[in-house]
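Notes for the one structure printed next.
All values below come from the heavy atoms of this structure, side chains included, with hydrogens, waters and symmetry mates left out.
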Amino acid sequence: VLTVSGRLTEQQLAQIRADSWVKGLAQTVDDHAVQRIPPPDQRARDEARWRTLVDELQRARFYFAENSSVLEAGEVARLTATLNHLRELVALAPGLGHDPFQIVITGYADTTGNDSLNARLSRDRAQRVRELLIDNHIDPALLIGMGVGSLGSSSLDAEQKRFAALQVIFSKSGNSE
């Protein structure tokens, strides 16, 4: 048995299997450890899908009740789309060289409380979204939660300032074949 590992395309694997030297060396080629690189056209589609998913996730907002880390009615329903997007990112990441990546969950508060309360509340909101993602089988190692307090005197209504948002952090220096 010849064990092959690393990042290879299907064409490269086929060449290894067909090589006369390899055939003379081993009866079987074990390619379970190979990280398969999609063909260029598939890679371009996967990169485009990755960008779309990142954009969707970074537009996601989870809104909370006033002075609370309880999600507003209907917000948990939004979670399904977010979970699907995250799972697809996890599946795409290794083939695109974006593995590992992380999701930063940032909680915010309105200006009705004092700074100390708003800092804690915004942190609790980020933590609540993180817990929901973990409860739905998203790897905790991918998720970073943080609170930043209130948004201050922005032009948003108070209701619009009570939310948690997601940001995808990844390297763009993945291998390109």
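Residues that satisfy the side chain to side chain contact (heavy atoms under 4.5 Å, CB included) test with A164, not counting sequence neighbours, are F64, I105, V129. For the side chain to side chain contact (heavy atoms under 4.5 Å, CB included) test, residues two or more places apart in sequence or in another chain that qualify with R36 are E10, L13, R17, D31, V34. Scanning for side chain to side chain contact (heavy atoms under 4.5 Å, CB included) contacts around A93 gives W50, H98, D99, F101, with sequence neighbours left out. For D46, the side chain to side chain contact (heavy atoms under 4.5 Å, CB included) partners two or more places apart in sequence, or in a different chain, are P38, Q42, L92, L96.
Atom OG1 of T106 sits about 13.5 Å away from atom CZ of R123, to the nearest 0.5 Å. For the atom pair CD of Q11 and CD1 of I37, the computed distance is 11.5 Å after rounding to the nearest 0.5 Å. E56 contributes atom CD, which lies 11.0 Å from atom CD of E88 (distance to the nearest 0.5 angstrom).
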Tell me, with the steps shown, if T9 and Q12 meet side chain to side chain contact (heavy atoms under 4.5 Å, CB included). CA-CA 5 Å; T9 65; Q12 290 168 321; 3.3 Å; yes

Given the rule in the side chain to side chain contact (heavy atoms under 4.5 Å, CB included) test, do Q167 and I103 qualify, once you have shown the distances and angles that lead to the verdict? CA-CA 6 Å; Q167 183 177 9; I103 305 296; over 6 Å; no

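Among T112, L117, D110, the single residue meeting the side chain to side chain contact (heavy atoms under 4.5 Å, CB included) criterion with N67 is L117.
The shortest side-chain heavy-atom distance between L8 and I16 falls under the 4.5 Å cut-off. At a threshold of 4.5 Å between non-hydrogen side-chain atoms, the residues R87 and N84 count as touching.
Side chain of R125 to main chain of L71: no donor-acceptor pair is present (N/O by atom type, distance under 3.5 Å, no hydrogens or angles). In this structure a side-chain-to-backbone donor-acceptor pair under 3.5 Å is missing from E75 to E72. Looking at Q58, its side chain does come within 3.5 Å of a backbone N or O of V168 through a donor-acceptor pair. A distance-only check finds a donor-acceptor pair linking the side chain of Q35 to the backbone of P94 [under 3.5 Å].
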Can you give the donor-acceptor pairs under 3.5 Å from side chains of residues 134-143 to other protein atoms, not counting sequence neighbours?
| residue | atom | partner | partner atom | Å |
| --- | --- | --- | --- | --- |
| N136 | ND2 | L132 | O | 2.8 |
| D139 | OD1 | A141 | N | 3.0 |

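Among pairs with a residue in residues 18-30, those fulfilling side-chain hydrogen bond (donor to acceptor under 3.5 Å, both in side chains) read D30-H32, at least two apart in sequence or across chains.
The minimum heavy-atom distance linking R7 with R43 is given by the pair NH2-NH1, 4.2 Å. Closest approach of Q102 to I144, counting heavy atoms only: OE1-CD1, 3.3 Å. Between L121 and S69 the shortest heavy-atom distance is CD1-N, 3.9 Å. A33 and V4 get closest at one heavy-atom pair: CB-O, 3.9 Å. Considering every non-hydrogen atom in both A126 and M146, the closest pair reads CB-O, 3.3 Å. Shortest non-hydrogen contact noted between S122 and A109 is CB-N, 4.1 Å.
More than 12 heavy atoms of other residues, nucleotides or ligands lie within 6.0 Å of CG in D55, so this atom counts as buried by the packing criterion.
Side-chain N/O atoms of N114 and S116 include no donor and acceptor closer than 3.5 Å.
Each of L133 and V70 belongs to its own hydrophobic cluster when Ile, Leu, Val, Met, Phe, Trp and Tyr are linked at side-chain heavy-atom distances under 4.5 angstrom.
Aromatic pair F62/F163: centroids not less than 6.0 angstrom apart.
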